[in-house]
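Only one structure is covered here, and it is reproduced in the block below.
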Amino acid sequence: MKYYTHRQTIMQARREGLTATYNRFHNPNDRAPDIQQLRELHVEMDRAVAAAYGWLDRLLALNHQRHEEEVEAERLGKELR
């Protein structure tokens, strides 16, 4: 939300659209403080997304492990009958 709000503030203050704002964002020569902050917020957001995917990967692996354990327990239960 901080990223979106800051981006909107830049666009309104400069009376620029999304394309112009991102052209400035990607221009390494643009060192305006508001653009620098937008870049920093973008890095923050990228890190949060990467962390979320890391958790999702671990959760998926855990789900597969649990499924294998359940299948094995069911197989053993049938063998004992």
*Looking only at heavy atoms, what is the nearest atom pair of H6 and Q37, with distance?*
CE1-OE1, 3.2 Å

*Write down the atom of F25, the atom of I35, and the distance for their closest heavy-atom approach.*
CA-CG2, 3.9 Å

_Rounded to the nearest 0.5 Å, what separates atom CG in L59 from atom CZ in R66?_
10.5 Å

*Using 4.0 Å as the upper bound for N to carboxylate O, is an ion pair formed by R47 and E44?*
no

_Side-chain heavy atoms nearer than 4.5 Å, only ILVMFWY residues, links allowed to pass through others: does that put I10 and L18 together?_
yes

_Euclidean distance, R7 CZ relative to D34 CG, rounded to 0.5 Å_ = 13.5 Å

_For H26, I'd like to know if atom NE2 has over 12 heavy atoms of other residues, nucleotides or ligands within 6.0 Å._
yes

*For the atom pair CG (L60) and OH (Y53), what is the distance rounded to the nearest 0.5 Å?*
12.5 Å

*State whether a side-chain donor-acceptor pair under 3.5 Å links E69 with Q65.*
yes

_Heavy-atom closest contact (G17 atom, M11 atom, distance)_ = C-CE, 3.8 Å

*Is the shortest heavy-atom distance from the side chain of R58 to the side chain of L62 under 4.5 Å?*
no

_side chain to side chain contact (heavy atoms under 4.5 Å, CB included) evaluation trace for R24 with E16_ = CA-CA 10 Å; R24 298 183 75 225; E16 294 178 342; 3.3 Å; yes

*Distance, nearest 0.5 Å, that separates CD of Q12 from OG1 of T21*: 10.5 Å

*Give a yes or no on whether V49 and L56 share a hydrophobic cluster (residues Ile, Leu, Val, Met, Phe, Trp, Tyr; joining criterion: side-chain heavy atoms under 4.5 Å apart).*
yes

*What are the two closest heavy atoms between N27 and R39, and how far apart are they?*
O-NH2, 2.8 Å

